Amino acid sequence: CTWCGQPMQLTMRCRDCFQAPPLCVSCQVTSHVHNPFHWTEVWQGKFYACQSLCDLGLLICLGHNSVACPASLRPPSTLFVVIHANGIHNMLLGFCQCPRGPNHYIQLLCANLFPVTFDNPKMAFSYTVMKDFHLHMLCSKKSAYDYYAKLVRQTSDIVLASTNDHYQELLHASQIWMDLKASQCCGEAHDVNNNLPPFAASRICSPLCPACPQLSINISKEELAQADLDKLCILSESLFWM
């Protein structure tokens, strides 16, 4: 092993690390504490077989910067499904067991994992895959079905049926994610609606166009009457015309 100098019983490599040195099982797990979603490959005599870090013994500890919770000597591990940009991972998670510790879904959000459900979550999407899918949908108009098929291919390109179907979970989580992003972009999360007129503060989930005349924002009623404009129409898609 390059790190500890001990002889390696298994020849393995990480296919996601840049210029990764050959490491033993223990050092491979230690080096991926902060990169738990990398794929490792183990030499089987004639070929390299893909193997997850969970199979090598990696435990993702939440709540204490990847360190086991001091409240329990043996932190209970939970079998968890995490979908990342490079595939679908079956991981072991150790939640914080402190008496006043946050809820499980709060611990997942602090670790940049978006849970599918807030009540006893067993599956989550990484922020990376949520941002990547959102950009693909906006730029290339890729559907959720095609994007999930890509994730399945990245997990196992040989045996596609080896991964469970989580397509419906992707639809559910992506809808919540996009709604939160829309609220963030329009300033709703920062209480910007309190500074807007009632007509503009209700159910507008996109930034107001600064070039269009907005009553009580950049144009008054007197100015609007002097401009000899018939009416101002506001659509639900935030399209404006005079």
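Quick caveat: nothing in here was measured; it's all calculated off a predicted structure. Below, all heavy atoms of this structure are taken into account, side chains as well, without hydrogens, waters or symmetry copies.
- The closest donor-acceptor contact from the side chain of Asp165 to the backbone of Tyr167 lies under 3.5 Å.
- Of all heavy-atom pairs between Trp177 and His134, the closest is NE1-ND1, 4.0 Å.
- Applying the side-chain hydrogen bond (donor to acceptor under 3.5 Å, both in side chains) rule to pairs touching residues 80-90 yields Asp16-Asn86, His84-Ser126, Asn86-His89, sequence neighbours excluded.
- Considering CZ of Phe133 and CE of Met178, their distance stands at 4.5 Å, rounded to 0.5 Å.
- Between Tyr148 and Ile88 the shortest side-chain heavy-atom distance falls below 4.5 Å.
- Between the CD atom in Gln97 and the CG atom in Leu62 there is a gap of 10.5 Å [rounded to 0.5 Å].
- Nearest heavy atom pair, residue Ser52 against residue Trp39, reads CB-CZ3, 3.9 Å.
- Side-chain contact between Cys69 and Cys98 is present, with at least one heavy-atom pair separated by less than 4.5 Å.
- By the 4.5 Å heavy-atom criterion applied to side chains, Leu56 and Thr40 are counted as neighbours.
- With hydrophobic clusters built from ILVMFWY side chains whose heavy atoms lie under 4.5 angstrom apart, Val129 shares a cluster with Leu171.
- Hydrophobic cluster membership differs between Phe37 and Val33, with clusters built from Ile, Leu, Val, Met, Phe, Trp and Tyr side chains linked at under 4.5 angstrom.
- Following chains of ILVMFWY side-chain contacts shorter than 4.5 Å, one cannot reach Tyr127 starting from Leu135, and the two form parts of different hydrophobic clusters.
- At a threshold of 4.5 Å between side-chain heavy atoms, the hydrophobic network of Ile, Leu, Val, Met, Phe, Trp and Tyr places Tyr145 and Ile83 in one connected group.
- With rounding to the nearest 0.5 angstrom, the CG atom of Leu53 is 12.0 Å from the CG atom of Leu59.
- Residues satisfying the side-chain contact (heavy atoms from CB on, under 4.5 Å) criterion with Asp132, sequence neighbours excluded, are His136, Tyr147, Lys150.
- Note: Cys27 SG to Met12 CE = 10.5 Å, rounded to the nearest 0.5 Å.
- Between the Ser66 side chain and the His34 main chain, no donor and acceptor come within less than 3.5 Å of each other.
- Counting non-hydrogen atoms of other residues, nucleotides and ligands closer than 6.0 Å to NZ of Lys142 gives a total above 12.
- Grouped by direct or indirect side-chain proximity (heavy atoms under 4.5 Å, Ile/Leu/Val/Met/Phe/Trp/Tyr only), Tyr48 sits with Trp43.
- Screening residues 49-74 for ring pair (Phe, Tyr, Trp, His ring centres under 6.0 Å), with sequence neighbours left out, gives no hits.
- With values rounded to the nearest 0.5 angstrom, Thr78 atom OG1 is found 8.5 Å from Leu92 atom CG.
- Summarising the geometry, atom CE belonging to Met130 is positioned 5.5 Å from atom OG belonging to Ser174; distances are rounded to the nearest 0.5 Å.
- Shown here are the side-chain hydrogen bond (donor to acceptor under 3.5 Å, both in side chains) partners of Asp146, two or more places apart in sequence or in another chain: Ser143.
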Under 3.5 Å, side-chain donor or acceptor atoms of residues 106-121 against the rest of the protein: list the pairs with distances, not counting sequence neighbours.
from: Gln107; atom 1: OE1; to: Cys96; atom 2: N; distance (Å): 2.8
from: Gln107; atom 1: NE2; to: Pro102; atom 2: O; distance (Å): 2.9
from: Thr117; atom 1: OG1; to: Asp119; atom 2: N; distance (Å): 3.4

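- Using a 4.5 Å cut-off on side-chain heavy atoms (C-beta onward), Cys17 and Asn35 make no contact.
- The heavy-atom pair separating Gln154 from Arg15 by the smallest distance is O-NH2, 3.3 Å.
- Heavy atoms only, all atoms of each residue included: His32 and Leu58 are closest at O-CD2, 3.9 Å.
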